[in-house]
Amino acid sequence: MPFAFRHIEATFAELHRVKDEKRVALRARLKHLQRLKFPDGVNTGTGKAAAYTAPQMLLIGLTFELLQLGIRPEPIVSVLRENEREVATAAGIAADRYGSDEPYLMWLTPYGLSDLMTDEEDQAYTTVDTGEPGTLAELMTSADVLWSRLAVVNVMSVVKGVAQILERQDGGLAAEFLTGLREWSNNASNS
């Protein structure tokens with residue numbers, strides 16, 4: 001069963017504690033993502049209701065997390081599109097761990113001044129890595145890796161938050177969400 005726009009709006013309004021009087025601004029952000037044709041496959045014609053899959057719902061969730069960090073929508077859309085397989089794998093791991101408190105992270109190096117950089121330097125922005133907190137800690141302390149900044153999102157926390165809200169909306173929606181993420185992950189790893 002696809003998720004309706006109302007599920008998307010209600011879920012992310014609750015997850016991000018959006019005031020009722022600010023829901024119009026949340027809808028505008030969702031519409032902006034649609035204008036960017038993101039997530040792929042969601043765009044509708046005039047008068048046709050949007051229907052979202054579990055992966056598309058998670059991609060919106062990750063987008064909002066990165067928006068919360070101050071990253072513009074256009075680079076977020078680009079980096080998530082270019083790293084969909086990595087994101088799908090992380091989603092499957094998070095769905096499999098649902099019910100546990102084990103974090104599973106996604107990280108990238110944001111370049112807010114990318115328009116001033118050479119193409120070579122800008123390429124680092126398009127890389128998403130995922131893994132356990134210990135993996136990230138090892139990378140952060142490695143002499144070979146010198147990051148001055150990182151954007152880190154706990155994918156497990158996003159999956160858990162969305163699933164819990166969907167559970168309250170309609171018990172079957174949470175199970176469909178988690179199943180959809182597992183299928184997306186399996187399909188990505190087989191392609």
| task | Measure the shortest side-chain to side-chain distance between Val79 and Ile71 over non-hydrogen atoms and say whether it is less than 4.5 angstrom. | result | no
| In chain order, what residues pass the side-chain contact (heavy atoms from CB on, under 4.5 Å) check against Glu9, with sequence neighbours excluded? | Phe5, Arg23, Leu26, Arg27, Leu30
| Any side-chain heavy-atom pair from His16 and Glu65 closer than 4.5 angstrom? | yes
| request: Say whether, by atom type as modelled, one donor and one acceptor occur between the side chain of Asn154 and the main chain of Ser157 under 3.5 angstrom. | output: yes
| query | For Arg29, does the CZ atom have more than 12 heavy-atom neighbours from other residues, nucleotides or ligands under 6.0 Å away? | reply | no
| Student check: side-chain heavy atoms of Leu150 and Leu136 closer than 4.5 Å | yes
| Below 4.5 Å, heavy atoms only, C-beta onward: do Glu176 and Asp170 meet side chain to side chain? | no
| task | Ignoring hydrogens and angles, state whether a donor on the side chain of Thr53 or Gln56 is under 3.5 Å from an acceptor on the partner side chain. | result | yes
| request: Check whether any side-chain heavy atom of Phe177 sits under 4.5 Å from a side-chain heavy atom of Glu167, and report yes or no. | output: no
| Tell me, do Val18 and Phe12 make a side-chain contact under 4.5 Å, heavy atoms counted? | no
| request: Report the C-alpha distance between Ile165 and Arg168 in whole Å, list the side-chain angles of each, state the deciding distance to 0.1 Å, and finish with yes or no for side-chain contact (heavy atoms from CB on, under 4.5 Å). | output: CA-CA 5 Å; Ile165 293 167; Arg168 287 193 295 276; 3.4 Å; yes
| All pairs passing salt bridge (charged side-chain N to carboxylate O under 4.0 Å, His left out) where residues 153-165 contributes a residue, at least two apart | Asp101-Lys160
| request: Verify, without hydrogens or angle tests, whether Thr11 (side chain) and Ile8 (backbone) share a donor-acceptor contact under 3.5 angstrom. | output: no
| Contact summary for Gly161 and Leu15, nearest pair of heavy atoms | CA-CD1, 3.8 Å
| request: For side-chain contact (heavy atoms from CB on, under 4.5 Å), just list the numbers for Arg81 and Phe38, CA-CA rounded to whole Å, side-chain angles, deciding distance to a tenth of an Å, and then say yes or no. | output: CA-CA 9 Å; Arg81 276 188 175 136; Phe38 185 80; 3.9 Å; yes
| request: Compare all side-chain heavy atoms of Val159 with those of Leu178 and state whether any distance is below 4.5 angstrom. | output: yes
| field | Under 3.5 Å: donor-acceptor pair, side chain of Ser185, backbone of Leu181 | value | no
| task | Return yes if some donor-acceptor pair links the side-chain N/O of Thr89 with the main-chain N/O of Arg85 below 3.5 Å, else return no. | result | yes
